[in-house]
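Read through the structure below, which is laid out as structure tokens, and then see the notes.
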Number of protein chains: 2
Amino acid sequence: MNPRDLPRTAPTIRDVAREAGVSIGTVSKALNKTGAIAPETRARVIEVAERLQFRPNTLAKSLHSGLSGSIGLISNDSFGRFTMPIMEGLERVLAPQGIGVFMCNATDDPAREAAHVEQLMAKQIDGIVVTARRSDRRPSVHLEGLGIPVIYVFSHSDDPGALTLLPDDKGGAELAVSHLLQIGRRRIAHVTGPEHFEAVHLRRKGYLDALSTVDASPLPTLNGKWTEAWGRDAVAQLYGPGKTNPDALFCGNDLIARGAADALRELGRLVPDDVAIVGFDNWAVMAEACRPALTSIDMNLAGLGAEAGRCMAAMIGGQPEHGQRLLPCTLITRASTLGY
Amino acid sequence: MNPRDLPRTAPTIRDVAREAGVSIGTVSKALNKTGAIAPETRARVIEVAERLQFRPNTLAKSLHSGLSGSIGLISNDSFGRFTMPIMEGLERVLAPQGIGVFMCNATDDPAREAAHVEQLMAKQIDGIVVTARRSDRRPSVHLEGLGIPVIYVFSHSDDPGALTLLPDDKGGAELAVSHLLQIGRRRIAHVTGPEHFEAVHLRRKGYLDALSTVDASPLPTLNGKWTEAWGRDAVAQLYGPGKTNPDALFCGNDLIARGAADALRELGRLVPDDVAIVGFDNWAVMAEACRPALTSIDMNLAGLGAEAGRCMAAMIGGQPEHGQRLLPCTLITRASTLGY
DNA sequence: TTGAAAGCGCTAACAT
DNA sequence: ATGTTAGCGCTTTCAA
């Protein structure tokens, strides 16, 4: 009974069988509640298994079932700001189902991605989630024909067999602009990121669509970098005698919005009284540090990740899924559109 | 030869053996360069293996070797800003060695952590890395006696058998303050975070030690939140007629530093001419968005992660390691201490 | 140099 | 109701 007498190696099903005085087949049945077994036998087996701290070796199970109970997550932004919440949601859904997630960082390097896929396949993973390859459709590693489900999250793909999960950028923009319209703004400018981003087009479309529902005409869209500095520059372009002087700004992300808010304050324009601002991403640390705190559109990335987890589980279970699915964004209201 | 004639299931070692006209044992030897084998036989086997795109099933190998070739990474900050770079470094080192990393988010919930450990052990992982449990030594799940190596990164532990990897907070603070001294500042204030953080004490110690090397006396340390708002408040407390009016600020993190920079600008004080500022964390997006761009201390978290990867590989290989190891921080100079 | 055979830990079909 | 057996894909003696 001395702990030191216990073997250093983890107990196997044989140890349980011997200790319980039954065969290993019986132990298997008892522990998996499968097949017919005498209640008292099962109880005894379970008791022994617990006493021995027996942990079934899932690798051995996998060898039999053909399912490893793990998937790969390939990120292309070095586990950056966008991947994080996706990962969090994915893991939150999958962990309770006993599905492990292997993390791989490909940083948009096809060779690295290929090596990762090779290794993942050798580990017999049951599926792959690819994330954050968003700006352009660069040549990517072929993930079709791998024989396992593939899901792209927050990332485009030309694989017709794969499932693609994206935030509804256009809908999010509509949410933002509708909110500005609803608080009485009509001269709404759009300050956003570089044109080669798909999201930039979609959000602009939402901006235009929302305006078209009322008697407000769009102002020119200003494209620049995704930075605070650009937000400040844009304000310099928009405000002053003889300039556009919008009463609201819909910004392509929170950094731009924050830069704009700073520049407006330095110009003596009050936010939200003179100019209301809505950002995009709802990057908490930015939105809350903004003066005033920033109303923003949340892409619900954790929700996207969670949905990816649910879909992956279903697909592994044999339910085929494919095509593109958009998940709604949410408006998070803060001081930059309130309280005047 | 039609691809559609190929079986849907992945080829096994048997398929290779049959196709090459040898036994599976021979295939194993040929592919693993182990044992004696005729060069021509090996060549043929390799050719067949490649043609069939044979991928050895690592699960089956593991069953034999007792090593799964994967480890678990348990994060407690929901894959937050600090975990990300650690993860990145860890994966960068481990992936080329064929070691996979399972991501687990425990968010400081012992029950969740325990469940994760249970699952990881069932998956036969070869080691565990725990990260980002930094502020206080809360009761944690027992990871000792699991029979596998455990490494704490950016996180304290009372497990004497485990290895702990930490950034050298004190050294980093010395770096920061020495830099300020070197550019001629003598009245250096320290504005930092809540006192219950270990890092706050260590950095303060570094601040004091660096000052003690020259004829500069410390100013009172100001403790507050890790926020920009606190940075602004602190400046309000420090500057004005009859107040301390330091000629430099060493801030506990980049958010505080940025808030301070904003407040100083609004007071009409020039950074760095009137007041030089050094932050901590080198959070790129913050440091670069700061006006002027912020000199900061980089904890080299990716390097910490990489070191964890190297140590883990060594420990799995049988090399015992334990105790606490500090890795140096780096000074990243930007405009907030230059150019006057 | 190669093949046959015995496992690694577990499940599942088949006997008893 | 329980035990026996035949694998899952691979490695590794041990014979041939």
Side-chain angles (χ1 to χ4, degrees), chain A residues 7-46 48-49 52-70 98 119 121-126 147, chain B residues 7-46 48-49 52-70 98 119 121-126 147:
Chain A
R8 291 300 303 153
T9 62
T12 75
I13 198 171
R14 308 171 92 96
D15 300 314
V16 178
R18 184 169 352 96
E19 188 77 9
V22 296
S23 75
I24 62 170
T26 302
V27 173
S28 177
K29 283 172 214 158
L31 261 28
N32 296 310
K33 325 189 184 305
T34 172
I37 215 161
E40 56 174 19
T41 309
R42 146 171 309 165
R44 181 156 39 93
V45 169
I46 289 178
V48 170
L52 263 45
Q53 298 205 57
F54 168 66
R55 273 184 254 272
N57 182 334
T58 60
L59 265 42
K61 282 192 184 180
S62 301
L63 205 49
H64 211 267
S65 67
L67 289 174
S68 64
S70 45
Q119 255 183 47
M121 291 309 289
K123 285 199 191 296
Q124 310 296 113
I125 52 158
D126 304 332
Chain B
R8 294 298 303 152
T9 61
T12 74
I13 198 172
R14 310 172 91 95
D15 300 315
V16 178
R18 186 170 349 95
E19 189 77 9
V22 295
S23 77
I24 62 171
T26 302
V27 173
S28 176
K29 284 171 212 158
L31 262 27
N32 295 309
K33 323 187 187 305
T34 174
I37 215 163
E40 58 174 19
T41 309
R42 147 170 310 164
R44 181 157 38 94
V45 169
I46 289 179
V48 170
L52 262 46
Q53 300 204 57
F54 169 66
R55 273 185 252 274
N57 183 333
T58 59
L59 264 43
K61 283 192 181 177
S62 302
L63 206 49
H64 220 267
S65 67
L67 289 175
S68 64
S70 45
Q119 255 182 47
M121 291 309 289
K123 287 200 191 295
Q124 309 296 113
I125 52 159
D126 304 331

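Throughout, protein chains are lettered first and strands after them, A, B, ... in sequence-line order, and every chain is numbered starting at 1.
- Under the 3.5 Å distance criterion, the side-chain polar atoms of Thr34(A) are left unmatched by any main-chain donor or acceptor of Lys29(A).
- Across all their heavy atoms, Phe54(B) and Thr12(B) have their closest contact at CE1-C, 3.5 Å.
- Within 4.0 Å of Thr41(B), counting heavy atoms only, lie sugar-phosphate atoms of the nucleic acid but no base atom.
- With a 4.5 Å cut-off on side-chain heavy atoms, Arg42(A) and Lys33(A) count as touching.
- For the pair Leu31(A) and Pro56(A), the minimum side-chain heavy-atom distance is 4.5 Å or more.
- Lys123(B) places a side-chain N or O within donor-acceptor distance of the main-chain N or O of Gly69(A), the cut-off being under 3.5 Å.
- Under the side chain to side chain contact (heavy atoms under 4.5 Å, CB included) test applied with Ile37(A), the options Val45(A), Thr26(A), Val22(A), Val27(A) reduce to a single match, Thr26(A).
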> Using a cut-off of 4.0 Å between protein heavy atoms and nucleotide atoms, how would you tag nucleotides 6-16 of chain C 5' to 3' with B, S and -?
Replying inline: -BBBSBB----
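- For DNA chain D, the contact window with chain A, defined by any atom under 4.0 Å from a protein heavy atom, covers dA1(D) to dG9(D) in 5' to 3' order.
- The CZ atom of Arg44(B) sits 14 Å away from the P atom of dT1(C) (whole-angstrom rounding).
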>> Set out, in order, the CA-CA distance, both residues' side-chain angles and the distance that settles side-chain contact (heavy atoms from CB on, under 4.5 Å) for Asp15(A) and Arg18(A), then state yes or no.
In response: CA-CA 5 Å; Asp15(A) 300 314; Arg18(A) 184 169 352 96; 3.1 Å; yes
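- Residue contacts for Ser65(A): at a heavy-atom cut-off of 4.0 Å it reaches no nucleic acid atom on any strand shown.
- No donor-acceptor pair under 3.5 Å is formed between the side chain of Ser28(B) and the backbone N or O of Ile24(B).
- Contacts of Ala36(A) with the nucleic acid, taken as non-hydrogen atoms under 4.0 Å apart, include base atoms.
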